Amino acid sequence: MSVTIVPTRAFADQRPGTAGLRKRVAVFKQPFYVENFVQAVFDAHPDLKGGSLVLGGDGRYWSREAIRSCLRVIAANGVDKVFLAKGGLLTTPAAAMEIRARGASGGFLLTASHNRGGPEGDFGIKFNVATGGQASEQLTERIFARSREIHRLKLLDDAPEIELDELGIHACGPLEVHVFDPVPAYADAMAALFDFDRIRAAVLGGLRVHFDAMHAATGPFAHAVLVERLGLDPKSIAHGTPLPDFGGKHPDPNPRDCAQLVALASRDDAPDLLAASDGDGDRNMILGRGVMVSPGDSLAVLAANAHLLPGYRGGLKGVARSMPTSRAIDRVAAKLGIPCHETPTGWRFFCNLLEAGKVTLCGEESFGTSSSHAREKDGLWAVLAWLDLLAATKRSVREVLEQHWAEFGRDYYLRQDWTIADAGQAKQVMDGLIAQLPTLAGREVEGLTVARADSFAYTDPVDGTVSKNQGVRIELAEGARIVFRLSGTDTAGATLRIYLEKHAPPGGDHARLAVDVLAPLAETAKALSRISAITGLNGPGAVI
Ligand code: G16
């Protein structure tokens, strides 16, 4: 084998965001852009030499080219084995589980998650560590620093064309590339967590499911689990074939991008459970006939009913939610007498808690839910948890929710996404809010009184790392809260997210529309932030 040391130029823009490096495809197509980032990972994390790595992703446009680029760098940097998912198709949760199960030193996940695909869309690379979880903030900073100063790359010369779809062991210079099928192991893992016999019986009894795989990576996994193991009709899976451009759609499971699913759920003859997952299979959206389950409610309901699910019968060690996520889970944790951790946005913050055995379930408002079975969020896992819950309780999704609200009250919740072309203006809005913080308590804004306000800072209870400026929290009277935060997954401009929530206690009115309940908070948020005056926008681009 010969390795060439190639002179390269550093790229200034390889700072990973909330979940890895994400840019337009055109940016990734620049010569040595992929190689530069992968080499920066090796330089920042020297322990990778000699071990094995997992490789795969959501199968989006440019994946196959990027896999080949990755393999050339990986082979030249002295890795022994790469476990490459067949066709490069590997959901993010399956990747996290494979890294851990195979004792790999880490893995490269080629995904831009829920971002659009295709030649005009986005591409991404994420490096996960040996636990299966996302790289820590410190490692991420080291990788970024290295990517800015790098001036040479190690590349394998004459790298052979690996047949990505052919199972078996292929040689790439001295590197063994094991092309494997990740689906059976994932299906087995799910069978160990949930009562598949009970679900099968419910399916035989007429339980109907509609799962939208959004032409993304989850399709083959969903087919194996839902159809082959649980006996659902193959027609229960829509858009099950992975496509490089996700069929031209935005692979993001939310009411805006899955409007068809919402419409189907509103029909009288709708299936019992409707769900979708995103590009890389880590997000999920859950609906029932005539009702959508908000991500915060989903987490709370699963925690409250975990004792019904075989994998969680032993009880929950604790739970965690990201700061902007609704506080429905806090009420369940209080009743169960277990800790509830509030972390900054980004799954990596949960990873430390999971690794230290402090939490069993965690979730985020951005349609992410998971448990200690993986160090990533897991869309299909959430669907199966709901399916098993319906089978165990013999209730509908609506009945499960209503029963939950009757016991804990309802946390009305909405997120506004303001798409701001000029990122400087978005920063101005946030800076303006932060400047007001010391004088906000006690102030009345548009009829609502501020009880407390701060800029969220988090001290990791495991390693003591402090993360500052993680969003602005405005606590209002009567269990209401507004949170402002800049998205970390944009690839152009900025998205300013405004999160609105209000608790209606048990015995209160739980049947109202969230948009009505939260309208006064939206006015207060607008007035406090001066967002329209600063950006010229009249309203958010989306309300989710
Ligand atoms: C990523 C992270 C999530 C996080 C989300 C937030 O999700 O993995 O932990 O909640 O970003 O996105 P934003 O910063 O835009 O609000 P994903 O599914 O894109 O990997």
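In each ligand, atom 1 is the first atom listed, and ligand 1 is the first ligand listed. Along the sequence shown, residues carry numbers from 1. The model shown is predicted, which means the values in this text are computed figures rather than measured ones.
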[X] with [Y]: basic N within carboxylate O range, under 4.0 Å:
X      : Y      : answer
Arg473 : Asp454 : yes
Arg15  : Asp13  : no
Arg481 : Glu342 : yes

Which of the atoms of ligand 1 are close to [X], meaning less than 4.0 Å from one of its heavy atoms?
X      : result
Arg22  : 17 (P), 19 (O), 20 (O)
Arg485 : 13 (P), 14 (O), 16 (O)
Thr345 : 4 (C), 6 (C), 10 (O)
Arg497 : 13 (P), 15 (O), 16 (O)
Trp347 : 9 (O)
Gly346 : 9 (O)
Gln134 : 8 (O)
Thr489 : 11 (O), 12 (O), 13 (P), 14 (O), 15 (O)

Query raised in the report: Does a sphere of radius 6.0 Å around NZ in Lys358 hold more than 12 heavy atoms from other residues, nucleotides or ligands, not counting ones at 6.0 Å or beyond?
Result: no

**Report entry** Glu120 CD: over 12 foreign heavy atoms closer than 6.0 Å
**Finding:** no

Is there at least one pair of N or O atoms, one from [X] and one from ligand 1, spaced under 3.5 Å apart?
X      : result
His114 : yes
Glu365 : no
Ser487 : yes
Gly488 : yes
Asp280 : no

Report task. Measure from the ring center of Tyr33 to the ring center of Phe11 and say whether it is less than 6.0 Å. Result -> yes

Query - Parallel, tilted or perpendicular, as decided by the 30° and 60° cut-offs, for the rings of Phe349 and Tyr458 - result: perpendicular

Requested in this report: Look at the rings of Phe108 and Phe127 and say which category their plane angle falls in: under 30° parallel, 30 to 60° tilted, over 60° perpendicular.
Outcome: tilted

Requested in this report: Classify the side-chain pair Asp212/Gln260 by whether it contains a donor and acceptor separated by less than 3.5 Å.
Outcome: no

Report task. Pick whichever of Ser322, Gly20, Ser113 has a heavy atom sitting closest to atom 17 (P) of ligand 1. Result -> Ser113

**Report entry** Minimum-distance protein heavy atom relative to atom 7 (O) of ligand 1
**Finding:** Lys377 NZ, 3.0 Å

Query raised in the report: Of all the non-hydrogen atoms in the protein, which one sits nearest to atom 10 (O) of ligand 1, and at what distance?
Result: Glu364 OE2, 2.7 Å

Query raised in the report: Taking all atoms of both residues into account, what is the closest heavy-atom pair of Ala66 and Val34, and its distance?
Result: O-CG1, 4.2 Å

Query raised in the report: Between Arg321, Arg331, Arg327, which is the residue that forms a salt bridge (charged side-chain N to carboxylate O under 4.0 Å, His left out) with Asp411?
Result: Arg331

Query raised in the report: Taking heavy atoms and a distance under 4.0 Å, where does Asn115 meet ligand 1: side chain, backbone, both or neither?
Result: neither

